[in-house]
Asker: 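Take this structure first; my questions come after.
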Amino acid sequence: LNLVEVLNNFLTFPKSIILNKMKENNTEHRLKFIYSFAIITLCLVAILLAVIANHQLNDFRQHQIEIAKNTSNNVAMQLQDFIFERQRRVKLFVRDHEELMTQLSEDPDNDFSFDQLNALVQDYFPDVFTMTIADIDGEPLVDDFDGVVGEICQQEMIEFSKKHNQTIKV
């Protein structure tokens, strides 16, 4: 071998080792970068999904609250309509049968008039529990449960006789 070849081999040998080491280091760096990038990407996707899920959950809650409010309002309107209709029917009933009720209020012991009125009430209001005819001061004159008018009912009759307005209690 001549000196030039030996020097050339000597210079190329460490160069090839260094290049191989650089390739190994480069591969390690690439793998570290890829793993780091994948982990960071997964974390960002997880955070993004959490934010989107939280937003969707809040939207769902708001929607459910709106549904509950609308349902409550609709039920309240239905109850109001039911009560107004019931009051209208009572007024019409009283108007159409005022003579019979007056007759019964003047003679509360008249069983025939009471039976007539009771039958009419059952026809007009089939779901009615009981009926009471009271005087102008709200004192019961005629009832169909043996004079045992509850205290709350008596107070409401007195209040109605004074204000000509009935408060609905549930």
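We use all heavy atoms of the structure for the numbers below, so side chains are in, but hydrogens, waters and symmetry mates are not.
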Asker: Can you tell me how far CZ of F114 sits from CG of L100, rounded to the nearest 0.5 angstrom?
Answerer: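 These two atoms lie 11.0 Å from each other.
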Asker: Tell me, which pairs form a salt bridge (charged side-chain N to carboxylate O under 4.0 Å, His left out) where one or both residues lie in residues 110-130, sequence neighbours left out?
Answerer: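 As it turns out, the salt bridge (charged side-chain N to carboxylate O under 4.0 Å, His left out) pairs with a partner in residues 110-130, which skip direct neighbours, are R86-D127.
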Asker: I'd like to know if M101 and L92 are part of one continuous hydrophobic network [Ile/Leu/Val/Met/Phe/Trp/Tyr, side-chain heavy atoms within less than 4.5 Å].
Answerer: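 No, L92 does not connect to M101 through the hydrophobic network.
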Asker: Please list all pairs meeting ring-ring contact (aromatic ring centres under 6.0 Å, His included) that have one or both residues in residues 73-100, counting only residues at least two apart or in different chains.
Answerer: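 Sorted pair list: F93-H97, F93-Y124, F93-F125, H97-Y124.
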Asker: List in chain and number order the residues that pass side chain to side chain donor-acceptor pair (under 3.5 Å) with Q116, two or more places apart in sequence or in another chain; answer none if no residue qualifies.
Answerer: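 If we apply the side chain to side chain donor-acceptor pair (under 3.5 Å) test to Q116, skipping adjacent residues, there are no hits.
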Asker: Do you know the tightest heavy-atom contact between S105 and T102?
Answerer: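 Taking S105 first and T102 second, the nearest heavy atoms are OG-O, 2.8 Å.
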Asker: Quick one: side chains of residues 37-63, donor-acceptor pairs under 3.5 Å with protein atoms, not counting sequence neighbours, listed by atom name and distance.
Answerer:
| from | atom 1 | to | atom 2 | distance (Å) |
| --- | --- | --- | --- | --- |
| T41 | OG1 | F37 | O | 2.6 |
| H55 | NE2 | D59 | OD2 | 3.4 |
| N58 | ND2 | N54 | O | 3.4 |

Asker: Could you list the cluster mates of M77? Members are the ILVMFWY residues connected by side-chain heavy atoms closer than 4.5 Å, either directly or through other members.
Answerer: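 Listed partners: none, M77 stands alone.
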Asker: Which residue pairs satisfy the side chain to side chain donor-acceptor pair (under 3.5 Å) criterion with at least one member in residues 64-85, sequence neighbours excluded?
Answerer: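 For residues 64-85: E85-R88.
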Asker: From R89 CZ over to D96 CG, what is the distance, rounded to the nearest 0.5 angstrom?
Answerer: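 With rounding to 0.5 Å, CZ (R89) is 12.5 Å from CG (D96).
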